[in-house]
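One structure is given below, encoded as structure tokens.
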Amino acid sequence: DMKHTKIYQTSGSLEEWKIHVASLCENNHRLAFVLYLAFGGPLLELLGMDSFGVHLRSQSSTGKTTALILAASVYGGKSYVQNWRATDNALEAIAAMHNHTLLVLDELSQQDPKIAGDTAYMLGNNQGKSRCRQDASLKSRSIWKLIFLSSGEVSLETHMQEVGKKSKAGQQIRLIDMPSDSDKGTGIFDDLVGFRDGAAFSDELKSRCASFHGTAGIAFIEQISLLELEDIKARFSVVYKLFLDDLPVDSHGQLKRVAKNFALAAFAGELAIEFNIVPYRKNAAIISVLICMEYWLKNRDAGESSHDNNSAIEHCRHFFEQNRHRFLSFENSHERVFNYHKPLGYVNVSGEYFMYTGSFKNELAKGIAEPKDLANILVENGLLYLCPKQGTPYKTQHIPSEGRASKVYHFSSEILGVQVNVM
């Protein structure tokens with residue numbers, strides 16, 4: 001099939017890929033994790049598991065796309081990386097072409113937020129929609145079993161909230177939202193392996209993936225074809241138990257299903273180590289994937305309220321980033337907005353924002369939470385100031401450029417995730 005030939009390409013030898021690409025990733029837990037996910041695709045059908053996805057989310061520009069190119073290098077080159085911009089119809093065909101392997105989708109924001117949730121659900125549901133021919137007979141559905149790896153600055157949930165839609169539990173299970181920063185100031189990387197910074201490491205890794213790719217996936221599939229199915233199932237159950245034991249006590253079924261998906265990545269990684277496809281120590285895959293799952297649990301805090309709070313803050317930051325042009329100067333009365341959008345409020349020289357109460361209620365909080373609840377979340381996280389006299393999250397503020405007082409919410413400059421220092 002010519003379409004498949006264009007996707008699955010090889011360059012260089014497996015030994016070169018191991019030395020120049022895989023060797024850089026053993027102690028970079030998120031990089032190792034995406035490699036193991038790539039090897040997990042061929043195991044889904046054997047283990048009777050459904051398709052699922054992992055979404056690498058970060059405001060940082062360091063490493064997300066590199067991780068996608070790295071994972072793609074198991075099966076092909078840069079052209080193996082697809083993007084979310086495709087329609088749901090096109091993604092069905094693309095998914096079918098990646099059956100039993102890895103589908104890589106860059107930049108979630110390119111997907112229409114109105115259909116993003118349904119598309120994620122469809123990819124995780126192993127099949128496309130039912131459609132009719134012109135004579136009203138049913139077309140055969142596209143079917144697949146795959147793992148899909150995604151990236152973006154916002155979560156699926158926040159992306160859907162832009163158009164007032166709420167994600168469902170099934171969508172969140174099918175696409176695991178994984179914060180991708182290592183919290184070490186180096187983007188996705190834990191270990192720079194001698195490079196001066198994350199950007200230099202990222203550039204070199206992408207260059208190496210362009211030269212060496214496609215051989216590891218072939219070798220992995222050849223090796224698993226030699227194993228007995230019952231042996232594969234028995235060995236996976238041992239790894240799965242490790243991940244179940246790492247969950248909080250009394251975890252519900254949805255968490256256990258996500259843990260099973262993490263366990264699949266770890267098991268695939270351990271097989272790749274055993275087959276000498278990745279040059280790592282035994283148990284390295286289990287350790288890295290457990291670290292990633294624990295980080296996911298920590299950020300999720302094993303509770304919906306914390307998860308919802310994080311999503312609400314992420315939504316607000318994204319909203320301010322997208323709408324900074326709609327805030328007029330706090331001091332300059334000559335500024336005007338010419339883009340047919342009503343002003344949301346004002347911004348002062350310190351980078352603090354003053355938002356009209358109507359804008360807060362009708363735009364920022366719409367589809368996210370009750371305005372009062374959203375305000376409480378922002379206050380608790382130091383992003384919104386309480387009025388010192390009234391103790392309310394809004395206040396009456398004199399706006400120099402208006403020449404009068406207005407009722408506004410007063411935001412810290414850190415609402416954009418950065419602190420502004422004024423000379």
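As the structure is a computational prediction, the values presented were derived from the model and not from experiment. Values below: all heavy atoms of this structure, side chains included; hydrogens, waters and symmetry mates excluded.
- For the residue pair Gln9/His213, the side-chain donor-acceptor check at 3.5 Å is not satisfied.
- The aromatic ring centroids of Phe39 and Phe220 lie less than 6.0 Å from each other.
- Under the 6.0 Å cut-off for aromatic ring centres, Phe354 and Phe327 do not qualify, their centroids lying 6.0 Å or more apart.
- Within 6.0 Å of the OH atom in Tyr394, the count of heavy atoms belonging to other residues, nucleotides or ligands does not exceed 12.
- Because its NZ or CZ atom is both nearer than 6.0 Å to the ring centre of Tyr295 and within 45° of the ring axis, Arg30 counts as a cation-pi partner of that residue.
- Of all heavy-atom pairs spanning Leu149 and Ala67, the tightest one is CD2-O, 4.4 Å.
- Legend: salt bridge (charged side-chain N to carboxylate O under 4.0 Å, His left out) pairs involving residues 353-366, not counting sequence neighbours, sorted by first then second residue: Arg326-Glu363.
- Pairs passing the salt bridge (charged side-chain N to carboxylate O under 4.0 Å, His left out) check and including a residue from residues 266-295, sequence neighbours excluded, read Glu26-Arg281, Arg235-Glu274.
- Relative ring orientation between Phe148 and Trp84 is described as perpendicular, the plane-to-plane angle rising above 60° on a 0-90° scale split at 30° and 60°.
- Ring geometry, Phe360 versus Tyr409: the interplanar angle falls under 30°, so the pair is classed parallel (tilted spans 30 to 60°).
- Aromatic pair Phe195/Phe189: ring centres not closer than 6.0 Å.
- When each of Phe33, Tyr36, Tyr280 is tested with Ser288 by the rule side chain to side chain contact (heavy atoms under 4.5 Å, CB included), just one qualifies, namely Tyr36.
- Side-chain contact check for Cys316 versus Leu364: some heavy-atom pair is nearer than 4.5 Å.
- For Leu227, the CG atom counts as densely surrounded, since its 6.0 Å shell holds more than 12 non-hydrogen atoms of other residues, nucleotides or ligands.
- Glu222 pairs by the side-chain contact (heavy atoms from CB on, under 4.5 Å) definition with Ile218, not counting sequence neighbours.
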